[in-house]
Trainee: 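This is the structure I have questions about; it appears just below.
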2 protein chains.
Amino acid sequence: MAQVLVAPRLRLNRDRVLQAAVQLADRIGIDALSMRRLAEELGVVPMALYKHVANKDELLDGMVDVIVAEIDPPNGDLGWKAAVRLRVLSARQMLLRHPWARSVLESRTRETPTVLDYMESTIGMFLAGGFSADLTHHVMHALGSRMWGFTQELFDASAGPDRPPVDIAAQVAQLQAMAERYPHILQISEVATHDDSVVARGCDDRFEFEFALDLLLDGFERLRDAGWSSDARPTA
Amino acid sequence: MAQVLVAPRLRLNRDRVLQAAVQLADRIGIDALSMRRLAEELGVVPMALYKHVANKDELLDGMVDVIVAEIDPPNGDLGWKAAVRLRVLSARQMLLRHPWARSVLESRTRETPTVLDYMESTIGMFLAGGFSADLTHHVMHALGSRMWGFTQELFDASAGPDRPPVDIAAQVAQLQAMAERYPHILQISEVATHDDSVVARGCDDRFEFEFALDLLLDGFERLRDAGWSSDARPTA
DNA sequence: ACCTGAACACCGTTCAAGT
DNA sequence: ACCTGAACACCGTTCAAGT
């Protein structure tokens, strides 16, 4: 009788399933993550997973919980502005570790307790900072998905399929073709053109993210100090 | 011999395929839109589509082109601020007509000519408004997906599966359970509580969208007037 | 030039059965 | 209580063939 060669399997449980799913998505991407592929990874038949998650949707919700729990808790010693800033930057670090998380967070209503906890404590930071409930409400909307550390790339390389390896010659040709049809895009693209060399510097993602975040935080502060209220809103 | 009862079919072409795909997605949602379902809609075998779009990804890109072309062109008679504002609100109207568009726009790198044209003319509005190329670059990042009219709902009902019909009694019970664990969330939820009646007013999406948009536009203007430059950026 | 039919390699999920 | 095996109703896409 041939000896069984697979490693002795630990008993499955919900947490092991979710942890494995997160790690697998980190490695192979969210599109390639299927119930069948995950089962294979765990050395188990696909249907075995259904004892621990009701279906794929619940698996994705569970994965969101795992990663949202990775975001640092609020630092109570700082003022509201620094505290919110630090926390959102922590969310951004989480997103950078799990590039698939953005599309998953965006694709669901995400009202799990972990997600609600995150929002609850974020709202608490504004209220503690002297924001009215009214203003806090609108401020949370304005912050929007940036609360999750979403960086809004103009052309989001991470959103689409993997880019083909960079062909410098082709890129230069493409940029020069663009110069005619899209002069403004080229102008703001931080592209340095000398003689016939064209070099795209690319964006400093962290700088762009903080630029937008600080613009919003400064705006929030100004409204708070001005005693802003939605009572002045135009009648619909 | 039985007469053929299907309506006499028009010849397929790329445009008819894309138009049909947009209408079908409007009707049945993006998840239910498959090559097979679309072929059925057009009274054709699935493989017939592949003569007009290379694959499903190209179909989605084509659908994006169709709806981005629906956004109003810039109005040159207004100042930059009103022009940008009006145009982004036009994009938002388009998104409301095509609820699936948000996730599709977000899921691709979207560098099609139609999309580039939209960005080109948006950038042009800022440059014409006296913004430096430097500031315009960062402003476009800060505007981010709001440029496409994306409204950032705290709990995005449209992002998830269809909500079950509202059960008032269940909702009240849920809100009261939430009051203990998530007091801050409840506090900013525009929820009026009298005696034991709990009524959630919900958000005015248009107001939230314009609040955030105007906050950003005001911030942009202030930076422009202050002669902002990224040269002062902190060293990484 | 355009459309068809059969097939391939995948999905998520059900059901009834095993231990 | 947990895992399995076979099956169902779907996918996107290929290939070779029809008209």
Side-chain angles (χ1 to χ4, degrees), chain A residues 1-22 24-25 27-64 100 103-104 107-109 160-162, chain B residues 1-2 4-22 24-25 27-64 100 103-104 107-108 160-162:
Chain A
M1 255 143 267
Q3 206 183 331
V4 180
L5 291 173
V6 293
R9 289 202 321 262
L10 284 76
R11 258 294 193 64
L12 280 190
N13 58 47
R14 189 163 203 274
D15 209 59
R16 259 189 22 97
V17 169
L18 296 182
Q19 295 292 343
V22 167
L24 189 57
R27 219 165 67 236
I28 68 174
I30 199 69
D31 284 345
L33 180 81
S34 67
M35 296 298 276
R36 294 170 118 104
R37 181 78 178 72
L38 176 58
E40 192 189 8
E41 194 71 13
L42 287 163
V44 106
V45 94
M47 279 317 297
L49 301 176
Y50 286 77
K51 267 271 117 70
H52 304 101
V53 289
N55 48 42
K56 191 173 183 183
D57 249 44
E58 205 194 84
L59 176 76
L60 292 172
D61 279 339
M63 292 170 69
V64 166
W100 49 270
S103 70
V104 176
S107 70
R108 55 209 43 255
T109 53
D162 288 332
Chain B
M1 250 143 271
V4 179
L5 291 174
V6 294
R9 289 201 323 262
L10 286 77
R11 260 291 194 64
L12 281 189
N13 58 47
R14 190 165 202 273
D15 209 59
R16 261 193 15 100
V17 170
L18 296 182
Q19 294 292 344
V22 166
L24 190 57
R27 218 166 68 236
I28 67 173
I30 198 70
D31 284 345
L33 180 81
S34 66
M35 296 297 277
R36 294 169 118 106
R37 181 79 177 73
L38 175 59
E40 191 189 9
E41 194 72 13
L42 287 162
V44 105
V45 95
M47 278 317 297
L49 301 176
Y50 286 79
K51 266 271 116 69
H52 305 100
V53 289
N55 49 42
K56 191 173 184 183
D57 248 45
E58 205 194 83
L59 176 77
L60 292 171
D61 279 339
M63 293 169 69
V64 166
W100 49 270
S103 70
V104 176
S107 70
R108 54 209 44 252
D162 288 331

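We name chains A, B, ... by the order of the sequence lines, and we start the count at 1 in each one. Owing to the predicted nature of the structure, the values given are computational and were not obtained by experimental measurement.
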Trainee: Taking atom C1' of D/dC2 as reference, at what distance in whole Å does atom CZ of A/Arg16 sit?
Mentor: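 Rounded to whole Å, this separation is 14 Å.
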Trainee: Does B/Lys51 make a side-chain N or O approach to OP1 or OP2 of C/dC2 shorter than 4.0 Å?
Mentor: no
Trainee: In whole angstrom, what separates B/Leu49's CG from D/dT13's P?
Mentor: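 It is 11 Å, rounded to the nearest whole Å.
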Trainee: How is A/Met47 classified with respect to the nucleic acid when contacts are heavy atoms under 4.0 Å: base, sugar-phosphate, or nothing?
Mentor: base
Trainee: Could you tell me how far apart B/Leu42 (CG) and C/dC2 (P) are, to the nearest whole angstrom?
Mentor: 16 Å
Trainee: Taking atom CG of B/Asp31 as the centre, does the number of heavy atoms from other residues, nucleotides or ligands within less than 6.0 Å exceed 12?
Mentor: no
Trainee: Quick one: is A/His52 getting a side-chain N or O under 4.0 Å of the D/dC3 phosphate, OP1 or OP2?
Mentor: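 Checking A/His52 against D/dC3: at least one side-chain N or O falls below 4.0 Å of OP1 or OP2.
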Trainee: Nearest to the side chain of B/Lys56, which nucleotide is it out of D/dG12, C/dC2, D/dT4?
Mentor: D/dG12
Trainee: Would you mind reading off the distance between B/Asp31 atom CG and D/dG12 atom P, rounded to a whole angstrom?
Mentor: 12 Å
Trainee: To the side chain of A/Pro46, which of C/dG5, C/dT13, D/dT13 is closest?
Mentor: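 The nucleotide sitting nearest to the side chain is C/dT13.
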Trainee: Among the candidates D/dA7, D/dT13, D/dC3, find the nucleotide nearest to the side-chain atoms of A/Arg36.
Mentor: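 Nearest to the side-chain atoms of A/Arg36, counting from C-beta on, is D/dA7.
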Trainee: Charged N to carboxylate O under 4.0 angstrom, B/Arg37 versus B/Glu41?
Mentor: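 Here B/Arg37 pairs with B/Glu41 in a salt bridge, since their nearest N and O are under 4.0 Å apart.
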Trainee: Starting at CE of B/Met35 and ending at P of D/dT14, how long is that distance when rounded to a whole Å?
Mentor: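 Interatomic distance, CE of B/Met35 to P of D/dT14: 10 Å.
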Trainee: Figure out the CG/C1' separation between B/Asn55 and D/dC15, and round it to whole Å.
Mentor: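 Result: 17 Å.
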Trainee: Calculate the interatomic distance between B/Glu40 atom CD and D/dC11 atom C1'; express it in whole Å.
Mentor: 14 Å
Trainee: Please round to the nearest 0.5 Å and tell me the distance separating atom CD of B/Glu58 and atom CG of B/Leu49.
Mentor: 12.0 Å
Trainee: Nearest 0.5 Å, please: how far is CG in B/Leu42 from CD in B/Glu40?
Mentor: 10.5 Å
Trainee: What is the separation between atom OH on B/Tyr50 and atom C1' on C/dG5, rounded to the nearest whole Å?
Mentor: 15 Å
